[in-house]
Amino acid sequence: MRLLPYSGYAEMRWKNGQGVTREVCRFPASEQYDWRISVATIREDGAFSRFSGYLRNISVLEG
């Protein structure tokens, strides 16, 4: 098992300014990826951005 510390991933601000995402893994490592795993912090209520062609699976980690 390998520990992947949360602090080791850079925050990427959302375009709408209502949260941030920390990307843990993406395959392939290019703009047009097949899948990715990320941790999002929602800072304000609002609608999710659309990502056409991608299926989202969302789990609450805390709160």
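Numbers for residues simply follow the sequence, beginning at 1.
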Could you tell me if the side chain of R13 sits less than 4.5 Å from the side chain of Q18, heavy atoms only?
no
Point to revise | Worked verdict on R22 versus E11 for side chain to side chain contact (heavy atoms under 4.5 Å, CB included) | key: CA-CA 5 Å; R22 292 177 187 247; E11 282 189 355; 3.2 Å; yes
Exercise for review: Give a yes or no on whether a salt bridge exists between E31 and R36, defined as a side-chain N under 4.0 angstrom from a carboxylate O.
Suggested key: no
Across all chains, not counting sequence neighbours, the side chain to side chain contact (heavy atoms under 4.5 Å, CB included) partners of L61 are V39
Distance col, row M12:CE vs S38:OG, nearest 0.5 angstrom, shows 7.0 Å
**Prompt:** Is the count of non-hydrogen atoms from other residues, nucleotides or ligands lying under 6.0 Å from F27 atom CZ greater than 12?
**Reply:** no
| message | If we count only N and O atoms by modelled type, under 3.5 Å, do the side chains of W14 and S49 hold a donor and an acceptor together? | response | no
In short, L3 meets P5 closest at the heavy-atom pair O-CD, 3.3 Å
Fill in: Linked, directly or transitively: L4 and Y6 (ILVMFWY side chains, under 4.5 Å)
yes
By side chain to side chain contact (heavy atoms under 4.5 Å, CB included), D45 pairs with (sequence neighbours left out) none
Connected via hydrophobic side-chain network under 4.5 Å: W35 and Y9: yes
Run the numbers on R50 and R56 for side chain to side chain contact (heavy atoms under 4.5 Å, CB included), then give the verdict.
-> CA-CA 10 Å; R50 293 179 188 238; R56 286 183 171 170; over 6 Å; no
